[in-house]
Amino acid sequence: MTAVQMGLTIAVCTAATMLTRFLPFLVFSSKEQQPPEVVRYLGRVLPAAIFGMLIVYCLKGVTPFSGSHGIPEALALLATIALHKWKHQTLLSVAGGTLCYVLLVQLVF
């Protein structure tokens, strides 16, 4: 792939991503135009579903009968839950849990 082709590919991907991010705001920007019920429903349930999938993905390789027995993963998961219950900030919860896991794996286990 040439440099021009890479640049065009990145530009098209960027434009497509921006379009999918901004389009709902443009479509439902007026006061009288409300999102359909299905869009509001998805806005309520998708964050929890994505968190569930992320948890399953992150813990799928944990084996409690070998290595560190899943202790760093369990502690990081508890830290994530505690941070989310305390501050209700998704980014803080994910970043804090990730930092906790990395520190445990690098310094303790």
Side-chain angles (χ1 to χ4, degrees):
M1 200 178 239
T2 66
V4 172
Q5 289 173 328
M6 282 193 283
L8 288 173
T9 301
I10 291 171
V12 168
C13 289
T14 302
T17 301
M18 290 176 63
L19 178 67
T20 60
R21 298 290 191 251
F22 298 149
L23 189 61
F25 294 102
L26 295 173
V27 170
F28 302 116
S29 63
S30 69
K31 296 290 183 193
E32 59 274 351
Q33 178 71 19
Q34 291 294 319
E37 183 58 34
V38 69
V39 173
R40 288 184 287 196
Y41 170 75
L42 289 173
R44 287 190 306 269
V45 299
L46 277 181
I50 291 169
F51 257 117
M53 284 182 15
L54 182 61
I55 290 169
V56 169
Y57 179 77
C58 289
L59 298 179
K60 72 178 173 25
V62 175
T63 54
F65 303 113
S66 67
S68 59
H69 305 290
I71 295 170
E73 290 86 356
L75 292 175
L77 184 62
L78 290 173
T80 303
I81 292 169
L83 279 170
H84 194 70
K85 289 290 185 185
W86 177 44
K87 288 290 188 178
H88 298 285
Q89 294 288 328
T90 304
L91 187 59
L92 175 68
S93 304
V94 172
T98 303
L99 180 66
C100 177
Y101 176 74
V102 169
L103 290 174
L104 284 170
V105 169
Q106 294 296 319
L107 302 176
V108 179
F109 292 94

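Just so it is clear, the values below take in all heavy atoms, side chains as well, and ignore hydrogens, waters and symmetry mates. Keep in mind the model is a prediction, meaning the values are calculated, not measured.
- By the 6.0 Å contact criterion, CZ on Phe109 is enclosed, its count of non-hydrogen atoms from other residues, nucleotides or ligands being greater than 12.
- For the residue pair Ala76 and Leu104, the shortest heavy atom distance occurs at N-CD1, 4.4 Å.
- The backbone N or O of Leu103 sits nowhere less than 3.5 Å from a side-chain atom of Gln106 that would complete a donor-acceptor pair.
- Pairing each heavy atom of Leu83 with each of Gly96, the nearest pair is CD1-CA, 3.6 Å.
- Atom CE of Met18 and atom OG1 of Thr20 lie 10.0 Å apart (nearest 0.5 Å).
- Side-chain atoms of Ser68 never come within 3.5 Å of backbone atoms of Ile71 as a donor-acceptor pair (strictly under, hydrogens ignored).
- Remark: side-chain polar atoms of His69 are paired, donor with acceptor, to backbone N or O of Pro64 under 3.5 angstrom.
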Point to revise | Chi angles and distances behind the side chain to side chain donor-acceptor pair (under 3.5 Å) call for Ser66, Thr63 | key: CA-CA 6 Å; Ser66 67; Thr63 54; 2.7 Å; yes
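- Here the CD1 atom belonging to Ile50 is positioned 12.5 Å from the CD1 atom belonging to Ile55, to the nearest 0.5 angstrom.
- At a threshold of 4.5 Å between side-chain heavy atoms, the hydrophobic network of Ile, Leu, Val, Met, Phe, Trp and Tyr places Tyr41 and Leu46 in one connected group.
- We find the CE-OG1 distance between Met6 and Thr9 to be 8.5 Å, quoted to the nearest 0.5 Å.
- Using a 4.5 Å cut-off on side-chain heavy atoms (C-beta onward), Glu73 and Leu77 make no contact.
- Shown here is Arg21, whose CZ atom has no more than 12 heavy atoms of other residues, nucleotides or ligands within 6.0 Å.
- Following chains of ILVMFWY side-chain contacts shorter than 4.5 Å, one cannot reach Tyr57 starting from Phe51, and the two form parts of different hydrophobic clusters.
- Distance check: Leu19 CG to Leu26 CG gives 8.5 Å after rounding to the nearest 0.5 Å.
- With rounding to the nearest 0.5 angstrom, the CE atom of Met1 is 9.0 Å from the CG atom of Leu8.
- Between Thr98 and Val94 the shortest heavy-atom distance is OG1-O, 2.8 Å.
- Here the closest non-hydrogen pair linking Gly70 and Val62 is CA-CG1, 3.6 Å.
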